[in-house]
Amino acid sequence: MSPRNQNIRPVRKAENRWRIYPVGTMRVPVDIFASEALISVMDTETIHQLTTAASLPGVAGSVICMPDAHSGYGFPIGCVAGFCAGKEGIISAGGVGYDIGCGVRTLLTDIPAAEVYARRGEIADALFRAIPAGLKGSSHLSLNAEEIKQILHEGAAWAVRNGMGEKEDLWHTEENGCVAGADAAQVSTEARQRLTGQLGTLGSGNHYLEIQIVDSIHDTAAAAHFGLAENQIAISIHSGSRGTGHQIATDYIKAMQNALPDGHPAPDPSLAYAPLTSDLGRRYLAAMKAGRNCALANRQTIAHMVRKTFLRLFPSCRITQLYDVSHNTCNEEHHVIEGQSRRLFVHRKGATRALPSGHAALGPLFDATGQPVLVGGSMGTASWILCAARGAEASMYSANHGAGRLLSRAQARKRQQPRSLMDALKHAGISVRTHSPQLLAEEAPLAYKDVDHVTDTACATGIARKVARLRPLICIKG
DNA sequence: ATGTGC
């Protein structure tokens, strides 16, 4: 169904802007935000997945591709696609992906950098003990069925209600820490049970807990508003919905593959979809929201354990939350399409929402700066804190989520010896703790794009502005 | 991403 065999070439529209005009089954164009260098490393599979997304029923405006995009399951990672609410629109479980609600939370501390440098090994060991990580990392908390149901409905607010955080944390979290409309009844028993021993665990893959230092400030006013200063110590948590979100995705991808509407063959089994108005579509929406809440509660719980660990080591320290934002979501939003305000269901996979100052959906807390955008780098490289800018109107109010993979996990394993990576990180002054040096190699810097170039590109297009660059000092990995 | 594939 998708125009795979046609010779598709993005047309250069402006500096760092490219467009794929509709051909074959494509209903809308694809708008790519990338430099020449970044577009040259996007493989044919990524381009194919973008044009496939642009071929789905009810797709609105254009499909957006971020500078960090690479191929994924169904949609590429780094893709934004909105679908009209109502009869013609669809929702796709593969479009959101397996790690529902995966995102980044950044906390700010008042601990002098010199003290962190002096006690780096001790801090790394304490965090590694306190925060379960890796595929088998199991939680210190054990949850019963009622608690799991509450978490799926309440998100981070559940953790705060149970003494794991402050209400200020929720103000500094997307959706105030709770996605409305979640329904645990649409989440299978198996998916719910998988949370039993997993709340407050980091997971594996590119998930991490990093202690970082603010390396440079690029927007003094926004940095002051965010509470950021040069040489400040920050904490970033990159994690998701663990087994629960994965199981929700598995369940609904299967169900959508088995229940495709008549006359609407899926372009690809990984991109099976359901009409938004169908029972299955509505059920997935409610289950996906529960998955987002699971991820929000997970990061809130991890943040609480990190705070407890730091308070033991630095009893007088103060740790506040800058922001928490997910980058694997489907969200109901209003967008202006061809001059008309439309209600859309916007899938963001490996892309964050980016509301500029003055946008009606942005709360008062960040109206002066625009919504914070947390860009996680690869292990051992920098992260960026950006704020959404006016140009985000052209990206359906979205920005990039990271550096983006350059090599597949298998390719990375071939090119990176685990031992030499550990040595290189140590040499770079980064204290790494991991349960699996083998999996660590898959996350080696050589497997990722240059986060500074990706960030430069995103900001050059006007979708976001640089606020601060963060450099890792301690990294806890699965 | 994932109690790692059907």
Side-chain angles (χ1 to χ4, degrees), chain A residues 45-46 49 68-79 92-105 132-139 141-143 148 187-209 237-254 257-258 269-271 287-288 290-292 294-296 298-299 302 326-330 347-352 376 378-379 401-405 407-413 434-444 447-448 476-478:
Chain A
E45 185 59 22
T46 306
Q49 289 177 347
D68 56 337
H70 58 99
S71 68
Y73 181 88
F75 288 4
I77 322 291
C79 170
S92 171
V96 175
Y98 279 96
D99 196 359
I100 297 166
C102 180
V104 179
R105 170 175 300 221
L135 274 172
K136 285 182 254 175
S138 86
S139 178
L141 295 151
S142 184
L143 303 167
I148 289 171
V187 177
S188 68
T189 308
E190 190 183 5
R192 279 180 276 148
Q193 277 172 349
R194 286 181 71 172
L195 192 59
T196 306
Q198 289 195 329
L199 189 74
T201 65
L202 207 49
S204 181
N206 63 356
H207 290 171
Y208 58 76
L209 161 65
I237 297 157
H238 180 202
S239 186
S241 50
R242 308 290 283 109
T244 297
H246 191 275
Q247 192 63 48
I248 293 169
T250 303
D251 293 342
Y252 279 93
I253 287 167
K254 205 174 291 169
Q257 283 170 349
N258 291 334
S270 66
L271 255 187
M288 183 272 305
R292 286 182 68 181
C294 171
L296 288 165
N298 192 34
R299 289 193 293 273
I302 293 170
S326 302
H327 47 236
N328 291 343
T329 60
C330 179
H347 296 59
R348 289 192 182 82
K349 186 196 247 179
T352 81
S378 57
M379 183 181 50
H401 82 308
R405 258 190 187 283
L407 303 180
S408 70
R409 292 176 194 282
Q411 285 171 318
R413 275 199 304 273
T434 180
H435 292 281
S436 170
Q438 304 299 321
L439 288 177
L440 198 74
E442 298 180 357
E443 302 302 320
Y448 282 83
I476 311 295
K477 291 287 283 187

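These values consider heavy atoms only, across backbone and side chains, with no hydrogens, waters or symmetry-generated copies. What you see is a predicted model, and the numbers here were worked out from it, not measured in a lab.
Counting non-hydrogen atoms under 4.0 angstrom, A/Ser241 reaches nothing in the nucleic acid. Among the protein residues, A/Ile100 comes within range of no part of the nucleic acid, since none of its heavy atoms lies under 4.0 Å from any strand. At a threshold of 4.0 angstrom between heavy atoms, the contacts of A/Glu442 with the nucleic acid are absent. A/Gly205 comes within 4.0 angstrom of the backbone, heavy atoms only, and of no base.
Separating the OH atom of A/Tyr98 from the P atom of B/dT2 is a distance of 13 Å, rounded to the nearest angstrom. One can place CG of A/Asn298 at 14 Å from C1' of B/dT2, the figure rounded to the nearest angstrom. For the pair A/Ile77 CD1 and B/dT2 P, the interatomic distance rounds to 13 Å; values are reported in whole Å. If you take NZ of A/Lys254 and P of B/dG5, they are 11 Å apart, rounded to a whole angstrom. Rounded to whole angstrom, the span from the CD1 atom of A/Ile253 across to the P atom of B/dG5 amounts to 14 Å. The separation between A/His246 atom NE2 and B/dT4 atom C1' is 8 Å, rounded to whole Å.
Partners of A/Thr201 by side-chain hydrogen bond (donor to acceptor under 3.5 Å, both in side chains), not counting sequence neighbours, listed by chain and number: A/Arg242. Under the rule for a side-chain hydrogen bond (donor to acceptor under 3.5 Å, both in side chains), the partners of A/Arg105 that lie at least two apart in sequence or sit in another chain are A/Gln300, A/Gln321, A/Asp324.
Side-chain rings of A/His401 and A/His238 stay apart, their centers remaining 6.0 Å or farther from each other.
Looking only at side-chain heavy atoms (C-beta outward), A/Glu442 and A/Ser436 stay at 4.5 Å or farther from each other.
In this structure, A/Leu439 and A/Arg409 both approach DNA chain B, and ranking their closest nucleotides by distance from the 5' end singles out A/Arg409.
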